[in-house]
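Computed from a prediction, not measured in an experiment: that's the story for all the values here.
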Number of protein chains: 2
Amino acid sequence: MLDIETLVIIFSLHQGQLQVLLCQGQGYPRLPGRLLQDGLTLEDNALACLKEHTSLPQAYLEQLYTYGDLQRRTQTGRLVSVAYFALLASDAIDQLPAQQQWHPVNDLPPLVHDHTDIVHYALRRLRYKLEYSAVGFELLPEAFSLSELQRTYEIILGETLDKRNFRRRILQAGIIEPTPHQRSGGEGRPARLYRYRPDAIAEVKARRLFP
Amino acid sequence: MLDIETLVIIFSLHQGQLQVLLCQGQGYPRLPGRLLQDGLTLEDNALACLKEHTSLPQAYLEQLYTYGDLQRRTQTGRLVSVAYFALLASDAIDQLPAQQQWHPVNDLPPLVHDHTDIVHYALRRLRYKLEYSAVGFELLPEAFSLSELQRTYEIILGETLDKRNFRRRILQAGIIEPTPHQRSGGEGRPARLYRYRPDAIAEVKARRLFP
DNA sequence: GCAAAAGTGTTACAGTTACACCCATGG
DNA sequence: CCATGGGTGTAACTGTAACACTTTTGC
């Protein structure tokens with residue numbers, strides 16, 4: 001007997017940290033998963049899994065890797081796991097039932113099977129992808145300030161960035177545009193809000209290093 | 001009924017071109033594939049597929065993508081295809097039965113299903129990977145000259161590279177080392193042979209472009 | 001000695017990094 | 001008026017790209 005499941009590593013920003021959604025497994029927490037349903041593509045099945053756990057029908061979703069080792073089994077037989085990772089916008093999170101099990105990716109409890117390795121691999125891919133594509137916006141609301149964007153990058157990359165250099169580069173890249181609005185209400189000077197330009201080229205070709 | 005197959009896009013250099021191994025499909029040529037066998041991991045199944053078609057037990061092998069749309073079917077039911085790409089060293093090729101169906105990747109015949117798209121995606125990944133990892137060596141024999149290495153890069157990338165810059169960068173990266181041997185017998189001055197340093201770090205972190 | 005491929009450095013330019021102060025608002 | 005976060009430019013440096021001639025071998 002052979003089964004396929006989709007696993008989804010669901011990332012979001014929360015309390016200044018990158019967090020992952022976990023659910024109850026056998027003994028240990030585990031990644032949300034769902035057996036592949038007849039009539040659904042792999043991606044639709046992953047989206048259905050996302051919806052089961054967050055009620056959100058849509059999100060940035062990308063295939064990560066397919067795991068097919070022999071330890072991977074259901075009760076009845078062999079299992080192959082197709083892992084996806086998802087990025088949730090922080091404003092979407094705030095509207096959730098709030099009884100979710102979010103865990104900071106830097107401080108995960110032990111997980112079932114190899115799920116810890118899978119999360120770490122997803123994080124590696126996310127960091128890597130941040131460096132040559134515009135994927136960081138997926139974690140922010142539609143309108144955001146440059147400081148919020150910079151904080152997002154810093155949280156994911158785990159390092160601080162220079163404010164002036166960050167702004168210059170992100171604006172020169174032409175992938176965001178100012179909106180007429182400002183974020184006021186907080187302390188300090190109100191920030192101009194920007195939005196991602198949907199017509200911008202999503203992936204900027206990185207300069208070749210080698211050779 | 002649900003089945004899993006592994007597909008393998010087998011690349012090699014041949015006659016100054018990057019070529020792909022195809023086999024006979026229904027009406028059109030197709031990529032080598034093999035239904036997942038009980039007791040084999042996905043990767044071992046892909047290796048078994050490679051061995052069926054080339055008699056080579058080993059090669060550079062990397063998972064590419066898993067295709068799970070609804071058009072993908074066997075006679076009996078649904079099919080999910082886990083695609084891998086393989087790189088064969090050019091000296092290994094020369095020892096093959098030679099009745100293989102190699103096709104230049106730039107001049108493919110029409111293929112069954114979406115196999116043409118899969119090959120093009122594999123090529124994109126190969127090109128991309130060449131820019132930040134040492135994967136180019138996998139297509140060469142163990143000992144190679146710098147000119148041969150440069151030609152390999154030029155063929156895959158589809159552009160010419162500056163000889164002096166190429167040499168400086170590849171040597172500075174410290175990923176190859178000279179051997180005491182030379183390649184003589186051809187026309188012109190004999191070339192010093194180099195080999196890949198197995199202790200070198202395989203992936204060089206590309207400079208971040210963004211931001 | 002000539003054809004053919006191997007090998008070798010320097011200079012101009014572009015992109016990256018480092019760095020400190022003034023501005024607008026709310027309380 | 002002061003605390004808080006927003007916003008701005010320049011100079012040194014580092015890495016990249018462009019470029020032409022000499023060397024070694026076989027015939």
Side-chain angles (χ1 to χ4, degrees), chain A residues 13 15-16 90 130-132 140-141 143-155 157-195 201 204-211, chain B residues 13 15-16 90 130-132 136 140-141 143-155 157-195 204-211:
Chain A
L13 289 178
Q15 298 158 345
S90 54
L130 207 65
E131 300 186 350
Y132 67 87
L140 287 171
F144 49 84
S145 71
L146 290 181
S147 298
E148 288 167 347
L149 183 60
Q150 182 176 346
R151 239 169 281 136
T152 301
Y153 273 77
E154 288 176 338
I155 288 167
L157 296 174
E159 60 184 298
T160 58
L161 303 171
D162 181 89
K163 182 160 64 163
R164 278 173 293 190
N165 292 338
F166 181 84
R167 283 161 190 247
R168 184 169 355 96
R169 288 163 80 157
I170 215 100
L171 291 173
Q172 272 180 8
I175 53 169
I176 62 174
E177 59 188 7
T179 69
H181 306 105
Q182 294 191 325
R183 170 108 61 226
S184 52
E187 299 193 304
R189 175 173 170 177
R192 151 135 283 142
L193 295 181
Y194 291 79
R195 68 163 159 252
I201 305 151
V204 187
K205 185 149 180 64
R207 173 123 38 91
R208 181 180 321 144
L209 174 73
F210 188 73
Chain B
L13 289 178
Q15 299 157 346
S90 54
L130 206 64
E131 301 186 351
Y132 67 90
L140 287 171
F144 50 84
S145 70
L146 290 181
S147 297
E148 289 166 346
L149 183 60
Q150 184 177 344
R151 239 169 281 136
T152 300
Y153 274 77
E154 289 176 338
I155 289 167
L157 296 175
E159 61 185 295
T160 58
L161 302 171
D162 180 87
K163 183 159 64 161
R164 279 173 292 189
N165 291 337
F166 181 85
R167 284 164 189 246
R168 183 170 356 97
R169 288 163 78 156
I170 215 100
L171 291 173
Q172 271 180 8
I175 52 168
I176 62 175
E177 60 189 4
T179 70
H181 307 106
Q182 296 190 324
R183 170 109 61 227
S184 52
E187 297 192 306
R189 175 172 170 178
R192 153 135 283 139
L193 295 182
Y194 292 79
R195 69 162 161 254
V204 187
K205 184 149 181 68
R207 172 122 40 90
R208 181 179 324 145
L209 174 72
F210 187 74

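If you take CD of B:Glu159 and P of D:dA17, they are 10 Å apart, rounded to a whole angstrom. Taking atom CZ on B:Phe166 and atom P on D:dA18, their separation rounds to 16 Å, with Å as the unit. At whole-Å resolution of the value, CD1 in A:Ile170 and P in C:dT17 are 14 Å apart. The separation between B:Glu154 atom CD and C:dA5 atom P is 14 Å, rounded to whole Å. In this structure, B:Gln172 places its CD atom 13 Å from P of C:dT8, rounding to the nearest Å. C:dT25 atom P lies 11 Å from atom CZ of A:Arg192, rounded to whole Å. Whole-Å rounding puts the B:Arg167 CZ to C:dA6 P distance at 7 Å. The distance from atom CG of A:Leu161 to atom P of C:dA18 is 11 Å, rounded to the nearest whole Å.
Residues in residues 180-193 of chain A take part in these side-chain hydrogen bond (donor to acceptor under 3.5 Å, both in side chains) pairs, two or more places apart or across chains: A:Glu148-A:Arg183.
Judged as a side chain to side chain donor-acceptor pair (under 3.5 Å), and not counting sequence neighbours, B:Arg164 has no contacts. Applying the ring pair (Phe, Tyr, Trp, His ring centres under 6.0 Å) test to B:Tyr194 and every residue at least two apart in sequence or in another chain returns nothing. By the side chain to side chain donor-acceptor pair (under 3.5 Å) test, B:Arg167 pairs with B:Ser147, sequence neighbours left out. Looking at residues two or more places apart in sequence or on another chain, you find a side chain to side chain donor-acceptor pair (under 3.5 Å) between B:Arg195 and B:Glu177.
When atom types are taken as modelled, the side chain of B:Thr152 and the backbone of B:Gly136 share no donor-acceptor pair closer than 3.5 angstrom.
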Point to revise | Base versus backbone protein contacts along nucleotides 19-27 of chain D [heavy-atom cut-off under 4.0 Å; B, S, -] | key: BB--BBB--
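The shortest distance between the side-chain N/O atoms of B:Ser147 and the OP1/OP2 oxygens of C:dA6 is below 4.0 Å.
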